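As the structure is a computational prediction, the values presented were derived from the model and not from experiment. Side chains included, hydrogens not; waters and symmetry mates left out as well; all remaining heavy atoms used.
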Amino acid sequence: MVNIKKSIWQLAIMLLAVWMSNNTYSADAYTAQYYADKGLKSAKHFPGLASLCDISQEPRNMFVISENRRERSKRSNGDSEVKGNAKVRRQIPPQQVFDNLYYVGAGNVASWAIDTGESIVLVDALNNNQQAQHYILNGLSALGLGDKPISHLIISHGHGDHYGGFGLIKSVYSPRIVMSEIEWHVLENDAFASYRWGAKPEKNLLIEDGDVLNVNGTELAFYVTPGHTPGTLTIVLPVIDGDERHRAVLWGGTGLNYGPDVARIKSYTNSANAMKALVKEQNIDVFLSNHPGRGGTRDKLKALTDRKDNQAHPFIQGEDVVVEAFELLENCTRAQWMQIEENRAQ
């Protein structure tokens, strides 16, 4: 009798093992392509993020620039995006997005103005002073905010298309310049620059992960999310739509533009995973990007312009959709570094 029971248990264990082998992935089965495909399933609402899932070739390195490209950059005008018919078509007019949030960016890089009542907190300053004047200062004036001071300029990360216009902003408003402490250090020691970018900002207000800045009663929470750069700064902020209050996350940097750096791409994966957990914890239901093409900003702004009284706000997509954005970022960056490791193992 004992032997019979023992045989039955052994058979049960064997059947369970067979079932598990047929219905679960082994560690080796989770390939880079598996995670890329998984990430793409979340691209429905954020098609601008889908390029991160392309693992057909290694990420490019923007710091390696050919001499021909340098010469083209030298000859190009610093405010070229402001001129020319093709360039003009890509512009995005300044627009109010929420009761306390405005878009004053270009067609390919964003600048967001947070109205705190007594002052404006500006996020990113575009490529150079010409763009800062054309899009930010003129945009604020067009929106009726020209007389309100800019008290803080937050720089999401140390690439010149986000800090380049700081010189003009500083000369007009003398704001506090906010950047993560890590990014200040990186920027001070970074020799890379584009001819389109304005001068680097001087070190001012240092932010660490988890810091909260209260500006006239508006609380801005900062999270250091390494990946795009070592000290990329992501912001969580309140946004208001009439009687409704919501929470938005402004993701501080998206692209993989520094080559096949596995450790750095892994830090990106970890950052996306951490922000996904924060979105769930704080019921964040708005996703913003500092590049309009990444977050679908242009289409949402058009939908907002056409919005009827009974229609939902196009930027308020719900916590589940915002979670999907970070699932895409997490899975597709995981696919990137796994693919690099798989290639090196061959």
Side-chain angles (χ1 to χ4, degrees), residues 79 81-82 88 91-156 161-179 198 201 204-205 213-220 222 233 235-250 286 288-292 295 297-298 300-307 313-316:
D79 59 348
E81 191 174 337
V82 179
V88 169
Q91 294 184 35
I92 298 177
Q95 186 170 340
Q96 183 172 13
V97 181
F98 287 95
D99 295 3
N100 63 327
L101 184 69
Y102 299 80
Y103 186 86
V104 287
N108 63 340
V109 62
S111 182
W112 298 93
I114 306 165
D115 186 358
T116 70
E118 296 180 18
S119 70
I120 297 293
V121 175
L122 188 69
V123 183
D124 288 341
L126 306 182
N127 279 282
N128 48 52
N129 290 340
Q130 293 96 330
Q131 284 195 352
Q133 178 67 56
H134 180 81
Y135 294 106
I136 298 174
L137 271 60
N138 293 354
L140 289 172
S141 294
L143 293 165
L145 299 171
D147 294 332
K148 190 167 288 194
I150 295 175
S151 59
H152 296 76
L153 168 59
I154 300 169
I155 298 173
S156 59
D161 52 339
H162 300 277
Y163 69 69
F166 110 94
L168 178 66
I169 304 299
K170 180 184 176 183
S171 67
V172 175
Y173 297 102
S174 299
R176 301 296 303 275
I177 311 297
V178 182
M179 196 158 59
N204 191 216
L205 182 56
L213 184 64
N214 189 314
V215 184
N216 305 316
T218 297
E219 287 195 347
L220 308 174
F222 296 94
L233 206 55
I235 311 164
V236 173
L237 64 146
V239 290
I240 303 167
D241 181 35
D243 296 331
E244 298 180 1
R245 295 182 65 87
H246 297 266
R247 291 184 69 74
V249 57
L250 175 47
V286 177
L288 303 172
S289 172
N290 52 16
H291 284 281
T297 305
R298 185 188 296 274
K300 290 175 185 176
L301 287 173
K302 184 180 185 306
L304 186 59
T305 300
D306 300 335
R307 181 190 185 194
H313 195 298
F315 280 84
I316 302 172

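- Residues Leu153 and Val178 are not in side-chain contact: their nearest non-hydrogen atoms beyond the backbone lie 4.5 Å or more apart.
- The backbone N or O of Gly105 lies less than 3.5 Å from no partner atom in the side chain of Trp112, so there is not a single donor-acceptor pair.
- In this structure, the side chain of Asp115 does not engage the main chain of Asn100 through any donor-acceptor pair within 3.5 Å.
- Applying the ring pair (Phe, Tyr, Trp, His ring centres under 6.0 Å) rule to Tyr102 yields no partners; only residues at least two apart in sequence or on another chain are considered.
- The side-chain heavy atoms of Met179 and Leu233, taken from C-beta on, include no pair separated by under 4.5 Å.
- Considering only heavy atoms from C-beta on, Glu118 stays 4.5 Å or farther from Lys148 through its side chain.
- Taking both residues in full, the closest heavy atoms of Gly146 and Tyr173 are given as O-OH, 4.1 Å, listed atom of the first, atom of the second, then distance.
- Counting heavy atoms from C-beta on, the side chains of Val104 and Leu143 come closer than 4.5 Å.
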query: Hey, mind stepping through Asn138 and Ser141 against side chain to side chain contact (heavy atoms under 4.5 Å, CB included) and telling me if it holds?
result: CA-CA 5 Å; Asn138 293 354; Ser141 294; 5.6 Å; no
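- Inter-residue side-chain proximity for Pro201 and Ile155 is flagged as met; some heavy-atom pair is nearer than 4.5 Å.
- Relative orientation of the Phe98 and Phe315 rings is perpendicular, given thresholds of 30° and 60° on the angle between their planes.
- When all heavy atoms of Ile169 and Pro175 are compared, the pair lying nearest together is O-CD, 3.7 Å.
- When every heavy atom of Ala132 is checked against every heavy atom of Ala125, the shortest pair comes out as CB-O, 4.0 Å.
- Annotation: side chain of Gln95 is in contact with side chain of Leu304 (closest heavy-atom distance under 4.5 Å).
- Among Val123, Leu220, Val236, the single residue meeting the side chain to side chain contact (heavy atoms under 4.5 Å, CB included) criterion with Leu250 is Val123.
- When the side-chain contact (heavy atoms from CB on, under 4.5 Å) test is applied to Ser119, the partners found at least two apart in sequence or on another chain are Thr116, Pro149, Ser151, Val215, Asn216.
- Looking at Gln133, its side chain never comes within 3.5 Å of a backbone N or O of Asn129 through a donor-acceptor pair.
- Note that the CG atom of Leu101 and the CD1 atom of Ile240 stand 10.5 Å from one another [nearest 0.5 Å].
- To the nearest 0.5 Å, the span separating CD1 on Ile154 from CG on Leu213 amounts to 6.5 Å.
- Other residues, nucleotides and ligands place no more than 12 heavy atoms under 6.0 Å from the CG atom of Asp147.
- When side chains are defined from C-beta on, Ser111 counts as touching Leu122, because their heavy atoms get closer than 4.5 Å.
- Closest non-hydrogen pair, Ala113 versus Leu140, comes out as CB-CD2, 3.9 Å.
- Here the NZ-CZ distance, from Lys170 to Arg176, works out to 12.0 Å after rounding to the nearest 0.5 Å.
- Glu244 and His313 form no side-chain donor-acceptor contact under 3.5 Å, judged by distance and modelled atom types alone.
- Heavy atoms only, all atoms of each residue included: Gln91 and Arg298 are closest at O-NH1, 3.4 Å.
- In this structure, Ile235 CD1 and Ile114 CD1 are separated by 6.0 Å, a value rounded to the nearest 0.5 Å.
- Scanning both residues, Pro292 and Gly107, for their nearest heavy atoms gives CG-O, 3.3 Å.
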message: Apply side chain to side chain contact (heavy atoms under 4.5 Å, CB included) to residues Tyr163 and Asn128 and explain how you reach the verdict.
response: CA-CA 8 Å; Tyr163 69 69; Asn128 48 52; over 6 Å; no
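- Note that the OH atom of Tyr103 and the CG atom of Leu288 stand 11.0 Å from one another [nearest 0.5 Å].
- Taking 4.5 Å as the limit, some side-chain heavy atom of His162 sits within range of a side-chain heavy atom of Val109.
- Arg245 has no carboxylate O lying under 4.0 Å from a charged side-chain N of Asp99, or vice versa, which leaves the two without a salt bridge.
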Full working for side chain to side chain contact (heavy atoms under 4.5 Å, CB included) between Leu301 and Val97: CA-CA 7 Å; Leu301 287 173; Val97 181; 3.7 Å; yes
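- Atom-to-atom distance recorded for Ile150:CD1 and Ile120:CD1 is 7.0 Å, nearest 0.5 angstrom.
- Across Asp161, Asp124, Thr297, a single residue satisfies side chain to side chain contact (heavy atoms under 4.5 Å, CB included) together with His291, and that is Asp161.
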